[in-house]
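In what follows, a single structure is set out as structure tokens and then discussed.
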Amino acid sequence: MASTIVKRAMTALRSKETRDYLTSTHFWGPVANWGIPLAAISDCVNKDPSVISGNMTVALAFYSMLFMRFAIRVQPRNMLLFACHFTNECAQLTQGFRYTKYHYFNEKK
């Protein structure tokens with residue numbers, strides 16, 4: 001059973017379609033783009049909210065919204081790009097809430 005699954009996976013990996021996909025910008029563009037949401041998630045976990053740029057957070061949130069739409073509308077659909085920008089949108093919204101809470105609802109100021 002397991003050997004059959006491995007054989008099928010290896011056959012799929014060796015196919016021309018898979019090789020064409022793995023060597024295309026349709027794959028490598030989103031892979032390279034994952035640095036943005038990973039950095040945002042790292043900032044959410046490790047950085048103090050006082051260092052968040054509100055302007056940049058808003059800009060990145062709009063950027064990700066636009067590219068989520070693009071990823072769905074382009075043919076063929078690029079779900080890897082969509083997932084990247086969906087993750088970034090969630091991270092930027094989290095950063096935005098942290099920024100707002102720190103600058104507008106912080107009782108220590």
Following the transitive rule for hydrophobic clusters with a side-chain heavy-atom cut-off under 4.5 Å over Ile, Leu, Val, Met, Phe, Trp and Tyr, establish whether [X] and [Y] coincide in one cluster.
| X | Y | result |
| --- | --- | --- |
| Val74 | Leu80 | no |
| Met79 | Phe86 | yes |
| Val6 | Leu13 | yes |

With Lys16 via salt bridge (Lys or Arg N to Asp or Glu O under 4.0 Å) - residues at least two apart:
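Expected list: Asp20.
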Looking only at atom types and distance, does a side-chain atom of Asn33 sit under 3.5 Å from a main-chain N or O of Gly29, one as donor and one as acceptor?
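No; zero donor-acceptor contacts below 3.5 Å.
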Checking Arg77 side chain against Ala71 main chain: does a donor-acceptor pair fall under 3.5 Å?
no
Using atom types as modelled, flag every donor-acceptor pair under 3.5 Å from a side chain in residues 47-56 to any protein atom, sequence neighbours excluded.
{"residue": "Asp48", "atom": "OD2", "partner": "Ser50", "partner atom": "N", "Å": "3.2"}
{"residue": "Asp48", "atom": "OD2", "partner": "Ser50", "partner atom": "OG", "Å": "2.5"}
{"residue": "Ser53", "atom": "OG", "partner": "Met56", "partner atom": "N", "Å": "3.2"}

Does some side-chain heavy atom of [Y] sit less than 4.5 Å from a side-chain heavy atom of [X]?
| X | Y | result |
| --- | --- | --- |
| Thr87 | Leu38 | no |
| Met68 | Ile72 | no |
| Tyr99 | Thr57 | no |
| Pro76 | His26 | yes |

Might you point out which heavy atoms bring [X] and [Y] nearest each other, and give the distance in Å?
| X | Y | value |
| --- | --- | --- |
| Ser64 | Glu89 | CB-OE1, 3.4 Å |
| Pro37 | Cys84 | CG-O, 3.7 Å |
| Leu81 | Asn78 | N-OD1, 3.1 Å |
| Asp43 | Gln95 | CB-NE2, 3.5 Å |
| Thr18 | Ser15 | OG1-OG, 3.0 Å |

When rounded to the nearest 0.5 angstrom, what is the spacing between CG in Leu93 and OG1 in Thr100?
10.5 Å
With ring pair (Phe, Tyr, Trp, His ring centres under 6.0 Å) as the rule and sequence neighbours excluded, what pairs involving residues 31-63 come up?
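Qualifying pairs, neighbours excluded: Tyr63-Phe67, Tyr63-His85.
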Heavy-atom count check: over 12 atoms from other residues, nucleotides or ligands less than 6.0 Å from Phe82 CZ?
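Above 12, so yes.
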